[in-house]
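Lettering follows sequence order; numbering is per chain, from 1. Side chains included, hydrogens not; waters and symmetry mates left out as well; all remaining heavy atoms used.
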Number of protein chains: 6
Amino acid sequence: MPYINVKVTNEGVTQEQKQAIIEGCTKLMVDVLDKDPATTFVVIDEIDTDNWGIGFDQVTQLRKNQ
Amino acid sequence: MPYINVKVTNEGVTQEQKQAIIEGCTKLMVDVLDKDPATTFVVIDEIDTDNWGIGFDQVTQLRKNQ
Amino acid sequence: MPYINVKVTNEGVTQEQKQAIIEGCTKLMVDVLDKDPATTFVVIDEIDTDNWGIGFDQVTQLRKNQ
Amino acid sequence: MPYINVKVTNEGVTQEQKQAIIEGCTKLMVDVLDKDPATTFVVIDEIDTDNWGIGFDQVTQLRKNQ
Amino acid sequence: MPYINVKVTNEGVTQEQKQAIIEGCTKLMVDVLDKDPATTFVVIDEIDTDNWGIGFDQVTQLRKNQ
Amino acid sequence: MPYINVKVTNEGVTQEQKQAIIEGCTKLMVDVLDKDPATTFVVIDEIDTDNWGIGFDQVTQLRKNQ
């Protein structure tokens, strides 16, 4: 019955990448903890770079500085 | 002081349904735990079906297969 | 496929109350959104009153003042 | 390594306010807990007023009544 | 900068299993999204089986019925 | 109506530090967003260092290496 929540910035995550994250997280629960995939949820939250901060700054600003 | 977070897929949840979820969750806290509704929060997150996985697959794909 | 997270203070929530919360939240998803209870998760977090704040104060302190 | 999640209603939070929230939360972790800002995350979720309930009602409705 | 939260029931998750979950989730972020592991957080919450419900029932009860 | 969740490792956070975090987060919501403290919640989760990973490793291991 695991529930996995993945939060990443919304910088162009593709359908294929989302599918790969869901598959990979679910496989990990099956392989490591012997969980049933039918009741393993993976929820991906894509967060605007204005709304994610690290080291005092918005990621939007960090990207501009890179 | 309960905080309730309801995550569902974004498949056309109506205003009336949202209001019913908020009322129902709040009433449950009042009835079961004698909590004060004035400090009971209910937050509904509507998740894109691309971003919710179950049984290795995106819900978008599951809906197509149904 | 709903996921519901209920956060309450850890002030003696009983087995019966937990069961009632789980039943009530699940029933709400079935009645309001026609969801399948077999894939409806309810997770209850009991938070220490030292770790919950409201109106600038820990709930522990609010309880002493009541 | 703190992770701070701030949920507020989506009622026109500006860039400057978001930056101030990120700075303020990070500074609190540094000042109070001596944490490293380079590994302090702040994630802001802006919730639609239809999706936030308090005292049995949607915030959308509460705003109309004010 | 991903943040991954894994919620599982507290049914004897070992140190090795926790380490494997952390490694696996982090590797997924690196492989699929090219994220920096130095700023990838994985937080595991172990939930009491009394506090996790599925299909109207506490997991504690489901385990007894198995 | 803000809800703020602070997750930190459980490395001896004191009552005074918890109170300072609650006060600081609430003050930030009042000062920056003009929110009502009476409906501002702060919830602190203290996470076991075995259950928090960064850069592929458990924080427990990182602390031993320091």
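In this model, no donor atom of one side chain and acceptor atom of the other lie less than 3.5 Å apart for B/Q15 and B/Q19.
With a 4.5 Å cut-off on non-hydrogen atoms, B/T39 touches chain C through its side chain but not through its backbone. In this structure, the portions of C/I21 lying under 4.5 Å from any heavy atom of chain B include both its backbone and its side chain. Looking at C/T40, neither its backbone nor its side chain comes within 4.5 Å of chain B, counting heavy atoms on both sides. Neither the backbone nor the side chain of C/E16 comes within contact range of chain B, judged by heavy atoms closer than 4.5 Å. With a 4.5 angstrom heavy-atom cutoff, C/V59 touches chain B only via side-chain atoms. Neither the backbone nor the side chain of B/K27 has a heavy atom closer than 4.5 Å to any heavy atom of chain C.
Note: B/L28 leads B/I47, B/V8, B/L28 in heavy-atom pairs under 4.5 Å with chain C.
At a threshold of 4.0 Å, the pair C/E46-C/K18 counts as salt-bridged, since one of the basic side-chain nitrogens sits closer than that to a carboxylate oxygen.
Between the B/Q61 side chain and the B/Q58 main chain, no donor and acceptor come within less than 3.5 Å of each other. For C/N5 (side chain) and B/N5 (main-chain N/O), no donor-acceptor pair under 3.5 Å exists by modelled atom type. Put simply, the side chain of B/D45 never gets that close to the backbone of B/K7: no donor and acceptor are under 3.5 Å apart.
Checked options C/N10, C/T9, C/T60; the residue passing with C/D50 is C/T60 (criterion: side-chain contact (heavy atoms from CB on, under 4.5 Å)).
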